[in-house]
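Since the structure is predicted, the reported quantities are computational estimates derived from the model, not experimental observations.
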Amino acid sequence: QTYSSDDPAVTAHALKKYWLEFEPNQGINLIKAEQRRHFEAAGTPTPVLKAIGDEIAKWARKDVNGFLPLVQLLWDEYGREGRVIALIPLGAMELTDPPRFVPLLKEMCKECNSWEEADRLAMDALEPIVRKNPDQWLTRLEEWLDDKNKWVRRAAITVIARIPMKHPGYTRQCLVYAERLLLDTELDVKRAVSFDVRLCAKVDPKLVYTFLEKHVPGPDPASVWVLSDVIKSMDRKVLPLLSPLLARFQQWRDAPGITAKDQRTLDSAIKVLQVA
């Protein structure tokens, strides 16, 4: 089918007809039932949607202005599936004009309905430019970390977490950014912070050991969940290097201000370290 920027709805409708041919999976459950009353989610498998997005990206990078109406329409009106697809060409388009597209992505991120959308925006749309020019764009993400919207914060720390895998020299800086969100109250952000620290551990476990040694035990129990989840979810190859932290987690468990719920969370981390 020939695409026309004057009538992107024709192409968007054809794409929807195509993705609905695939057997749905659990992707539909990423959108809460109450949200699905006003936000469409068919449950089309993500690999299918990414393949469609990749095809659009081949053309979108050559005609940014022409394909922007299609991408915006897919994001605004075609539910979960349209959004997953739209983010891939956006990543290609962003590379052509970062100052134009990075602010756009931030505003789009505020409209996310689930962690899947925030993570896909982070990895497929925002990460390409940050990975290409980390010196320039990592510091620009600082304002994302301070945003009131939890999805903006999650997207930023998700991108930051993945940079050391490509650029190991940025591991220390990425841990500093994780430190800024240790006391975040949103579970969706806490999970992303834990992800950041664990990915950094794959690159430089000694730096992560120093990071944990600094924050465990911590003066604020708000960081208990994140730092315990780091241990519980850590790559098993790295855990033996972190086992000397056992005494610190045990000390934290009995610290003033630690609730019974905090103690159970710390107990989970302690058990992992005991067998590391």
Side-chain angles (χ1 to χ4, degrees), residues 1-22 24-25 27-32 35-36 38-132 137 144 147 149-152 154-156 158-159 162:
Q1 179 180 327
T2 301
Y3 169 68
S4 171
S5 59
D6 293 330
D7 194 1
V10 173
T11 298
H13 183 73
L15 290 173
K16 178 180 178 180
K17 183 178 179 181
Y18 177 67
W19 76 59
L20 289 178
E21 294 176 1
F22 291 85
N25 65 7
I28 191 173
N29 295 326
L30 295 174
I31 306 298
K32 296 179 180 179
Q35 290 178 312
R36 292 201 296 271
H38 58 84
F39 187 78
E40 185 178 0
T44 303
T46 300
V48 173
L49 303 175
K50 286 177 67 67
I52 297 172
D54 286 338
E55 287 300 313
I56 298 174
K58 293 176 183 178
W59 299 96
R61 63 170 55 94
K62 301 174 184 177
D63 183 9
V64 172
N65 289 331
F67 275 82
L68 187 55
L70 173 62
V71 169
Q72 290 181 319
L73 181 62
L74 288 170
W75 177 268
D76 291 338
E77 299 183 17
Y78 282 78
R80 169 192 174 261
E81 283 66 31
R83 290 189 168 191
V84 173
I85 291 171
L87 291 168
I88 297 174
L90 271 169
M93 297 159 79
E94 176 198 42
L95 290 170
T96 68
D97 192 357
R100 175 186 180 186
F101 281 93
V102 171
L104 174 62
L105 288 172
K106 185 178 180 182
E107 292 308 307
M108 291 170 63
C109 196
K110 295 176 183 179
E111 301 171 359
C112 286
N113 287 288
S114 70
W115 63 262
E116 180 195 34
E117 287 180 17
D119 289 3
R120 293 259 65 90
L121 186 146
M123 294 185 288
D124 294 334
L126 183 60
E127 184 180 332
I129 191 61
V130 182
R131 187 174 64 239
K132 183 177 180 180
W137 290 103
W144 289 52
D147 198 89
N149 186 285
K150 71 173 182 177
W151 299 123
V152 174
R154 175 166 175 136
T158 298
V159 172
R162 291 166 56 84

Please find the pair of heavy atoms, one from Phe22 and one from Thr44, that lie closest to each other, and give the distance. CB-CG2, 4.2 Å

Given the rule in the salt bridge (Lys or Arg N to Asp or Glu O under 4.0 Å) test, do Asp76 and Arg83 qualify, once you have shown the distances and angles that lead to the verdict? CA-CA 8 Å; Asp76 291 338; Arg83 290 189 168 191; 5.5 Å; no

Where Ala156 and Trp144 come nearest, the two heavy atoms and their spacing: CB-CB, 3.5 Å

Mind checking the CG-CG spacing from Asp119 to Leu126? Nearest 0.5 Å is all I need. 12.0 Å

Which atom pair, heavy atoms only, marks the closest approach of Ala12 to Leu74? CB-CD2, 4.0 Å

Apply side chain to side chain contact (heavy atoms under 4.5 Å, CB included) to residues Ile56 and Ile88 and explain how you reach the verdict. CA-CA 8 Å; Ile56 298 174; Ile88 297 174; over 6 Å; no

Charged N to carboxylate O below 4.0 Å: is that the case for Glu81 and Lys16? no

What closest approach, in Å, do Pro8 and Leu73 show between heavy atoms, and which atom pair accounts for it? C-CD2, 3.9 Å

When the side chains of residues 102-109 are checked against the rest of the protein, which donor-acceptor pairs come out under 3.5 Å, sequence neighbours left out?
| unit_1 | atom_1 | unit_2 | atom_2 | d |
| --- | --- | --- | --- | --- |
| Lys106 | NZ | Glu143 | OE2 | 3.3 |
| Glu107 | OE2 | Lys110 | NZ | 3.3 |

Reported CD1-to-CD1 distance for the pair Ile85 and Ile52, which is rounded to 0.5 angstrom: 4.0 Å

To the closest 0.5 Å, what do you measure between CG (Leu15) and NZ (Lys17)? 12.0 Å

Who passes side-chain hydrogen bond (donor to acceptor under 3.5 Å, both in side chains) against Asn149, sequence neighbours left out? none

Can you check side chain to side chain contact (heavy atoms under 4.5 Å, CB included) on Leu49 and Arg80, steps first, answer last? CA-CA 10 Å; Leu49 303 175; Arg80 169 192 174 261; 3.8 Å; yes

So, Glu111 versus Trp75: side-chain donor-acceptor pair below 3.5 Å or not? yes

Applying side chain to side chain contact (heavy atoms under 4.5 Å, CB included) between Leu121 and each of Leu87, Val84, Val159, report the one that passes. Leu87

To check you understand the geometry: which heavy-atom pair defines the closest contact between Pro98 and Trp137, and what is its length? CB-CZ2, 3.3 Å

Stepwise side chain to side chain contact (heavy atoms under 4.5 Å, CB included) check, Tyr78 with Glu40: CA-CA 7 Å; Tyr78 282 78; Glu40 185 178 0; 5.7 Å; no

Quick check for you: to the nearest 0.5 Å, what is the distance between Arg131 atom CZ and Leu95 atom CG? 8.5 Å

Output yes when a side-chain donor or acceptor of Glu94 lies under 3.5 Å from a complementary backbone atom of Leu90, and no otherwise. no

Ignoring hydrogens and angles, write down the donor-acceptor pairs under 3.5 Å from the side chains of residues 59-68, residues two or more places apart or on other chains.
| unit_1 | atom_1 | unit_2 | atom_2 | d |
| --- | --- | --- | --- | --- |
| Asp63 | OD1 | Gly66 | N | 3.0 |
| Asn65 | OD1 | Arg100 | NH1 | 2.9 |
| Asn65 | OD1 | Arg100 | NH2 | 3.2 |

Which atom names give the shortest non-hydrogen contact between Ala155 and Ala118, and what distance separates them? CB-O, 3.8 Å

CZ/Arg120 to CD/Glu127 distance, rounded to the nearest 0.5 angstrom? 10.0 Å

